[in-house]
Structure formats: structure tokens, C-alpha cells
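Below is one structure, written out as C-alpha cells, with a few remarks after it.
Letters go in sequence order (proteins before strands), and every chain restarts at 1. Basis for what follows: all heavy atoms, side chains included, without hydrogens, waters or symmetry-related copies.
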Amino acid sequence: MKKRIVSLLLAASMVATLGACGNSSNASKSSSSSSAKASSNASKADPVQNLIKNTKGSVDLTLWVSETSQYQKVMKEIVNNFKNKYKNVKLNITIGSESEANTKDDLLKDPEAGADVFAFADDQINDLVKKGVLQEVSTTYTYDPKSVDTDTAVTASTLNNKLYAYPMTASNGYFLYYNKDVVPDADAGSLDKILADCEKANKTFGMELSNAWYLYSFFKGAGLKATLKDDGTTECDWNSKTSNPTGAKVAEAITKAAKSKAFKNLGNDDQMSAVKDGKMAACVNGTWSSDAVQKAWGDKMGAAKLPTYTVDGKQVQMGSFSGCKLIGVNAYSKQTGWAMLLAEYITNPENQMKIFKATGEAPATKEGQASSDVKSSKALNAIIAQSKFSAPQRVGANFWNSANSLGQSLAEGKYSDAQKLLDDAVKGITAAVK
Amino acid sequence: MEEDKVSLAGYFKDFGRAVKNGNIWTRLSLIIMGLGHLANGQYIKGCIVTAVEVLFAWVIALIGGTYWPKLSTLGTVQRKESFDPVTMTKKVNNFDNSLLILLFSIVGIVICFFFALYYIYNLKQIYKVQQAKEAGGHVNTFREDCREMVNGKFYVTLLGLPTMGVVLINVIPIVFMTCIGFTNYDIDHQPPTYLFTWVGLKNFQTLFTSSVSDSFGYVFIRILIWTIIWAVVATFSTFFGGIFLAKFINDKRTKLPAMWRTFFVITIAIPQFVTLLLVGKMFGNNGIVNGICSQIGLTDFLENIGLVSKGLGYIPFLSKPGWAHVMIILINIWVGVPYQMLSATGLLMNIPTDQLEAAKIDGASERQIFWKITMPYIMFVMGPSLVTSIIANINNFNVIYLLTTDYTTTNMRFATSHGKEVDLLITWLFNLTNNYSNFKMASVIGIITFVICVALTLLSFSRLVRGDREEEFQ
Amino acid sequence: MAKNDLSKITSAENPVVVKAPFSKRVVRPVLRHLWLAFLSFIWLIPIVWLFVTSLSGYPGINTNHFFPQTWSLANYKKLLFQPDTVVNFPAWFKNSMIIGIFTCLISSLFVMMTAYAFSCMRFKGRKQLMSFSVTLGMFPGVLSMIAIYFVMKMIGLTNSIVGLIVIYSAGSGLGFLILKGFFDTISVSLRESAKLDGASELTIFLKIVLPLSKPMIVYTIISSFLNPWMDFVMAQLMIRSKNPKNWTVAMGLYNLVQKTLVGKYFSVFCAGGVMVAIPISILFVLMQKFYVQGITAGGVKG
């Protein structure tokens, strides 16, 4: 009788488990066989009609979008419209709150348990595709993102010449906020002048140098690159001795700017706190802070593309990472067809405008960006102006830590040999994933 | 109540004797486990035992058939999918999932292990009953067997469920993660899309090599040293801090001891992640404390005497090695002392009074009493728990993780290994798994942490599990 | 009490010192209480900051001022009565409460069962099993998290409160050491005589050993009840749902201090911290006596 109960229970639980596992493999088999059947008797007619015809029972979909109430509200509306559009099918769509910044981490832990359709920031596309989690957008059914959306947005959703996601918004990058009381419009184009103005007024300028996302702007501006190679590592020439200007000169220029009394290497929260208290008169930040800045500075708030900075006596325009929010379809979704239709529906031009009106984030469509509503927003204008100098975020996993560390060193300015510092950083950035 | 000495040889010898001397039914039980019971007239038991065997055979056929053959390669068929744009449906091949192969194989092995134990036990039981029957003794009925479960074999009933829980939540995951250390499960080999496979000791080699772009070895040693310093200092500082505070509050000259105690206990009631995040914000580069320090000129003063590098403009409480190390330990004192104070308070109240009185009569001063009687008593009682706390501190995740969220290292070697100077082994491996999916290296680090903890315990802690003093107390 | 006895002896032995010098009589006690006040001040600053920030009218982190510039109760209102897309405190509280109650019931039971088996019974392999359990407890828990996730997925318990209860309580059998130490101190003769009267081990366990161990059991119950309120790492991994109503308190609150949310929800987070502290404080006050006794009792036998 001794271990009987133990073994019994253990065995029983195992059986249950195996049963569950067996089911799932059966399910995948049956779905593939049914699809084979479907394709054989499908006419060349409308695929969407085929899908509706072949859908039996209810369709369960999960959608992850940003947790802010504006997003959740507008998505609820869009999803309801979607359900109305396909009244004959029983669609159960659950909307979850998930910050776009975390989508990748959450999905990669267990793609099978992730949402069918999800919003994510375009820098994650590389990892998501590499891990086989993103469904390729090989065909579109209701509209064509490539013709409707801006080139920047389409590039951001493309990898290896294949479209992998549907652009939703195009304002996830950073630009310059300034307080017109301290920094006149005429000075906002030059970092030197901004810093001088701030110093004079005993105010500060905020930019998070120890975050590689922002640090990139200096190097990109100087024509140095950090891009993704096919093998998943990063190609980076920030330590170049032959470029003009050289990497070391850029590094020294950054340190020189950071040495200014006004320059503060602060993260988002600290910047906003300082802005609120009136200590900070300019900062490099994104649209997510626009409400807070607007509230603190009111009419005096200015927004512009990033300024130029001085390298080796010359003025160089700062670059940036462009940022788009995209909608992707999970390759592990059990309802690929419906998931794709939903993703398309959310990102069609009409709904992009709806999302813009609800959340204040710029649409990714050409038409939308040219509309008067978008033009009237200072922040969105700034980001559209900056987009000329921006590049999509295509870097490997080892870029961030090493580049963050470089940024911290440059901000502190405690190094003797800029070239060596850069060499070390580039070694780390370009290292293969261990 | 004497315990039988357990020896592996004896264990199997008993089994061999049962096989050798058993009658035909006993031997047949080797194949159908219930037969012996049936022959001895224990019908219900016989049926249940046979049912267990059938169940086991079925489970193992499933696991063994599906997963064990693939264990040596951890799967060979990679996932492939194709999307049919006309029907909008997708075909996926029947792919292997290395993770499930490994997991189910381990589960199968664990089941086999337990079944083997039960199998051997069962046969010995049958043999025993056979002997009893032959000698004309009493054969237990099913009802008697059941009653035995709450009496002589009560420990089986008691330990059954907890053991199952531990096997499920501790043993299987631990075996699984240990195996991962010998595979290449990382960001490029992540199931279900990709397969991973065995790589032998390669990851251990990676850990002990070092160059700028490949600095696991360097970072490992540095983090290991800090982990040990942290564990020792954090344990002793809170331990003595708690005792002194308890002594101070419980002193007869202190008015309103309950009130003072409550002040400190309040800090326990708020979840650690809340208070630690708050304290982290307070000591941030731009936090309140820094604001005050620069207003009163402390920042400039520290810059002048060289404790803070010139031109930094703030005190890097939690953002520079050195400063951060000290601050973390100080903040940990803040976190840990109230707990220790609570337990020390209880202890101080329970000190045997006769000793104290004797000392008083001998004219010992209060200080002498504290050091000669109170402290040795506390050390006697709490000593063993010190080792447990050191182990707990080696694995103390919250304090370090929550206080150093904004820490950026300037040491490139740390950066390339995704570590920080202030990381403990445990936070480092959390970061590796959570943000970089580097399970293989995390597993290797985990294995080594585990080995260190076990070694520490064996060195100083064996008395805790040693049974010697049990009877002495009873 | 020992202390009182001591003081009597002191005064009896030194009848001469009727009036101590001024420094001893006034300065020292004042210094002593000043020192205590200073320590309390340090310990309470963050708590006070938590409390005042929870009453702040500004939603983000105020890194430059200790006290908020505008005061408001809006954060509590939001927390309790206005669930939105990231905050649903009543649901979190309910979930944590359910998890807490079941976890503490199951794990206390498991701990008591293992402790009794290891302390009061003798069987083959007992010491080996104990050493093995202690060793298991040393494996870094953070590492096995992902494996636990897949084990739970295998049983189909991810994304559910039941799964979390299983995770928090299933391994609790390993935490038997303290209680076993306490059981060891219960005299053997008590059990022996019960046995002579024909009591089974079950009866001895339920009727003799457990009633004697009240303080220790309270200690075990409190510590296992607290676990689900404090843990955010495991909960985040296990609960895949993105609907706030399925989260626990720790998970939901921790979510509020993410980079994207902290600017709008920091003061709500603080209010949440205060709200969590209330039930735990009540528990502590009610059980403080037992708690102190419990820890000590466990320590008596190392």
C-alpha cells in the first residue's frame, strides 16, 4: 500500500498530461488535413469568402495592444466594427493590455501562449522574425500597406525584402522639446546654442546618453553606422579612424556637450519631473511625453527635429532611430486567416486615422501624415521632420548593453583614450551571441 | 523506534532473496505485480497493484515511444510552415520540440524511478506475506492495510502529497535546468521554432575563458566574489543590527517599547518591491537625496575630497561601483533589521533567568552579562539559522534587482556579458534568461551557485540535518 | 519577567545610589530616546514618502520634492472605484486573497505533515530524505522558473489562479526544518503514553502535537500567506492574461512602475502599496505575539 497512492496519482496526472499533448498534435493534423480539403474544392474566387465558408464554429482571437485607456477604447470600437463586418461568423476577440515595448519578451517566452494579433515596436521585428514568431504578410486582402503607408513605415515592417507586419503608427521616435522662454526658435537648431541658452538661464537640457537608443543619434548623424548583419550580429563602425569625422572625434564631441553644466543624462521619468519643476528647458524625448511637457510649458512648448552638434569644428545634423508601431500576426496562431484579416482591418487607412484621433500618434499612411490634423500637432510635425534623418532600428541583441555602457562612459567623460574606449565598445557591440 | 541502517547493497540483497526464495506466485509477481497478493488472498490489493502496473506500462509506452528515442538528439525535424493565400489557411509539418522532448523524457525517467522503488518494495512485501502465511501467521486484510496507513505507516500518508508536490515543482525543474547547461539552448536555438541539442561541456568552457568580447569568465569571478562578500556582510549586519536594536528597545530604561517596535515593524508590512523601488528612486542620480546633498553642499565637498569624480554633479549612490555596493548593503540593513529585531525580541525574553541572576549576584556588569551570557545564548540558538540566511542571501533576488534597475555599467567586459558590477549570480542569471534568452549560460551559472551553496552547507551546516540532538531534546 | 527581577536585585544591592548624578538621570535617557527617535525617523522616511506620495495630485514620480505640491485622494479613488485598462485593484485584491488563503492552508498543512513525519516517526531512508530536501532547497529558484512554467503548461495550469496556488504551495514541504525543530522539543513520553492508550499516529498528530505547536503554526501560516502578496516575478511569468482583472496585487502594482506607465501611475502605485500594507499590518498586529514566539521557538532547536 506504501507508494501506491503516490504512483497512482502521479501516473494519473501524467496520463492527463499526455492526453492533452496528444490532443494538440491531433488538432494540428486535423487542421492541416481540413485545409488541404478546403484548398482542393476552393474556387479561384474571393479568399475571404472561402475563409468565411470554411469557418465552422466560433473563432477565438486574442489581440494585444497598448495598455493606455485611449488605445484600449479605440481598439474596442475597431474590433466591434470588425465583428459587424463579418456578422455571419462568430468572432470572440479578447483585447489585452500589453505595452508595445514588452511584446517581444512576452511572446518569445512561449509563442504558443501569445496573442494571435499584437502591436509591437518596430525594433523587435528582427528578433520576432528570427524566432519564427511573425507570420509573413505574403498577401493582403483588403488594402495594400506598401502603397498606402509611407516608405519609412514600410521599411520598418520589412526584413530581407519581405513584409512581416502592418504599420499602425509612425511616431515612436524621438525629437527635441524646448521651452521658447529659454530657447528661442532660432536657437533650437543647434545643440551648442541650446546648451548656451540653458546655461545662461540656469536651466538644464535632458537627454539620456546612457541609453543606446538616444546615443545612436550622434553617431548616425556623423555618418557612422550600426546595422544588422544576416547572421544576427551587429555591424558597427563607431570606432572608424578613416571616416570623416572619425569615431573618436564624435565621442569627444559628445563628451564636450555632456560636460556642459546644463547637460543632464537623465531618463524619461527624471526629465519629466525636472520639466514639471521648471528646471529643465529642453529635452530629447518622444511623443509619449508630449502631454506632460505641454502641461508644464503650455504655449511656450516648442518641438523640432533634433539639433546639429559640433564635431571637429563642423555642424553635423543628429540622426535618430525612426520608430513605428506595427501590428503583427502570430505564426503560431490557430486562426491565421482571421488574425490576418483583423490585423489588416486595424491598420487600414481609415482606422489609422481613428487611432491617431484617439491617441495622438501619427498615422503611418502618406495621406494621413499630410492631413491638416496631423500638421497641426507640434510634436508630430517634429517627428515627421526628423524622419528624414532617421533609420529603422536594425541592430543585434548585443548592441544595447555595450552601447549603453559606452554612453555612460561618454556622459561621465572619464576616459583617457577615446579610440580605445570605442574599440572596446565596438568589440562588444559586434560580438557574436554567446 | 530505532531506525534501520539503509544500505544500498542490503536493499538489493533483500530483493534478490525474495526472488530466489519466493514461491511461484511471488516470482510471477515480477511480471504481473498483483499475482502474489491474489495468491495470498489479498484480492483488492492485488487488483490495485496490477492496475498501477498497467497504468505505468501505458504511460511509459506513450512517453517512451514518443520522446525517449529522440532524447539523444533532442529532435531533428525543424518547424516548417506554409501559408495558402487562397484559402487563408496554414499547413505546419509535424515538428519536434526539443524542450518538450527533454521535459517529457525527464518526467518519464522520474516516473520509472518511483515505479522501480515501488516494484521492489511490492515484491518484498509479497515475499514477507508469503513467509508469514507459510509460518501460519496473520495476513493483513485490505481494511487492516488501510488502518496501517494512519498508524505505523503514517509517514507514507504524510509524505505522499508533499513529495509529489516537491517532485513536480522542484525535482523535475531542477533536473531539467541542469540538463540545459549541457545543451545550446539560447536565443538562436529557441523552441518551438528551432531545435537545441547537446553540446557537452562547452558552456562550462565558455564560463572559464575570458576576452573583451567573450568575458563570461572574468565577469563570473567578479560577480562570484561580490556575491560572497554580499552574503556574509548582509547576513551579519542585519543579524547584529537586529539584536542590538532589540536589546535597545527591550531595555528597561526605554519608555514605550511597543511603540518603537511598531515603528520598525511597519516596514515589514509593505511589500519589499514597493519599498525597495521607492528607496531606489530616492537615491537616484536625480532623486530627493541628491537634491538635498547638493543644496547643503555635500556633493561639492565629496567632489573636492575625491570621493565623487569631479564634474559629475551628483552623488552616484546607486549608479557607480563602490558607492552602489555600500548603499545596497546599507539599504539591506534597512530592509532586514526589523525582521531580525522581531526574532531577537522573542529570544531576549526567553533567556533562562537563573543564569542572569547568578551573574548579577556575582557582580557582573551589564555589559559583561550581555557579552558573556546573552550573546552566547543567542548564538547558540540562532547560529544554525545564520548559515541558512547566508544561503538565502546568496539567492537574494529582490534587493539587488529592484535597487539596480537604473544602473549602467561602464566596464565593457561586464556589458558584453550582460552583467553589472553589483549583480549577484542570481540576478545575473535572471537577466540572462529573461532578457537575453541565454538559458545555457544561466544554467551553468545556476549549477555553480548550487554547488557553492551545497559545499557551504556541508562544511558548516551538517549538524542541522544530523539527527543526533533530536533525542537529546525529546 | 527576568528583567524585573534583575532591576530589583540591582536596587537592593546599591541602596546608596538613591540620587544618580544629573548626567545619568536625565542626559542618558534623553540621549537614548533621541537615538531611537533618530533610527525610527530613518526607518520611517520611505514609508512616509510612500504615504504622502499616495496622496499626491501629480501622477508621476516627483523626484525633487519630498511632499507633493498638490494633495488629492484621486489615487485611492482610482484604485478602488475606477478600474481601467491597467488598474483593477479590487480584482487583484480578490485574486491575491484567494491565492493567499489557499496557499497558506495547503502549505501549512504540507509543512506540518512533513515536519511530523521527519520528527516523530522513524523509517528507512529518513535521514537521506531530509538531507536531500535541504539540498534541493538551495537550488536557485529564479533559474527553475522557466522549467516550472513548462511543467505547469504540461498539466494545463498556466494562466490560472489554481496554477499559482500549486506553485506557491506544492514545494512547501521543503520548508519543514523550523517546525521539525519545534516538534523535536515536544517530549517523547507524551506520545509514548498516548500510544499505550491505543491512539494511532494520526490521533497523536491531530490531538497532541498540533495543539502544542500553535505559535509555530501561526508563524508558518503568516509566512506562507505573505508570499503571494510579495511575489511578482513568478506571477508575471505564469499569468499570461493581459486583462488586469486576472492579475495579482504584486503583479499589477509592479506593472505600474514600468517605463511606459510610471509617469502616469506612480502615485497610484504608492496608494496600492499603502492598501496592501493594511491587511498585512492587521495580520501582524493580531498575530505579533505568536509570531515572536514562533520564530524563537523554531530557533531553540537548531
From [X] atom [atom1] to [Y] atom [atom2], the distance as rounded to the nearest 0.5 Å:
| X | Y | atom1 | atom2 | answer |
| --- | --- | --- | --- | --- |
| A/Q408 | B/S319 | CD | OG | 6.5 Å |
| B/N285 | A/D270 | CG | CG | 8.0 Å |
| A/S405 | B/F414 | OG | CZ | 10.5 Å |
| A/L51 | B/T87 | CG | OG1 | 8.5 Å |
| B/S437 | A/D105 | OG | CG | 7.5 Å |

Exam field: side chain A/K131 to backbone B/I187, donor-acceptor pair closer than 3.5 Å
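A pair under 3.5 Å: yes.
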Any donor and acceptor pair, going by atom type alone, linking the side chain of B/Y194 with main-chain N or O of A/K130 inside 3.5 Å?
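Pair found, side chain donor or acceptor close to backbone of A/K130.
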Heavy-atom pair with the smallest gap, counting every atom of B/P85 and A/P47
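So the minimum-distance heavy-atom pair works out to O-CB, 3.6 Å.
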Provide the closest heavy-atom pair for B/Y436 versus A/A397 in the form atom of the first, atom of the second, distance.
CE2-O, 4.1 Å
Going by heavy atoms in the side chains, are [X] and [Y] under 4.5 Å from each other?
| X | Y | answer |
| --- | --- | --- |
| A/Y332 | B/E81 | no |
| B/H418 | A/N398 | yes |
| B/T89 | A/T336 | no |

Flag the one option from A/K414, A/E136, A/K259, A/Q135 with the top tally of heavy-atom pairs under 4.5 Å to chain B.
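Winner by heavy-atom pair count: A/Q135.
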Out of A/L421, A/T430, A/L266, which one racks up the most heavy-atom pairs below 4.5 Å with chain B?
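Max contact count across the listed options: A/L266.
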With A/K162 via salt bridge (Lys or Arg N to Asp or Glu O under 4.0 Å) - residues at least two apart
none
I would like to know whether A/L341 and B/M88 meet side-chain contact (heavy atoms from CB on, under 4.5 Å); could you show each step before the answer?
CA-CA 10 Å; A/L341 281 183; B/M88 298 181 76; 3.7 Å; yes
Hey, which of B/I60, B/N434, B/T157 has the most heavy atom pairs under 4.5 Å with chain A?
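With the most close heavy-atom pairs to chain A, the winner is B/N434.
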Return the option, out of B/T193, B/N411, B/T433, with the maximum number of heavy-atom pairs under 4.5 Å with chain A.
B/T193
More than 12 non-hydrogen atoms from neighbouring residues, nucleotides or ligands closer than 6.0 Å to [atom1] on [X], yes or no?
| X | atom1 | answer |
| --- | --- | --- |
| A/K109 | NZ | yes |
| A/N202 | CG | no |
| B/K128 | NZ | no |
| A/D417 | CG | yes |

Answer with yes or no whether the side chains of B/T410 and A/Y415 bring together a donor and an acceptor at under 3.5 Å.
no
Checking heavy atoms, do the side chain of [X], its backbone, both or neither come under 4.5 Å from chain B?
| X | result |
| --- | --- |
| A/E112 | side chain |
| A/N404 | both |
| A/S210 | both |
| A/A403 | neither |

Per-residue contact mode, B/K320 against chain A (heavy atom under 4.5 angstrom)
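It is the side chain, since no backbone atom gets that close.
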What part of B/T408 lies closer than 4.5 angstrom to a heavy atom of chain A: side chain, backbone, both or neither?
both
Does A/D269 pair with B/K281 as a salt bridge, N-O distance under 4.0 Å?
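So A/D269 pairs with B/K281 through a salt bridge.
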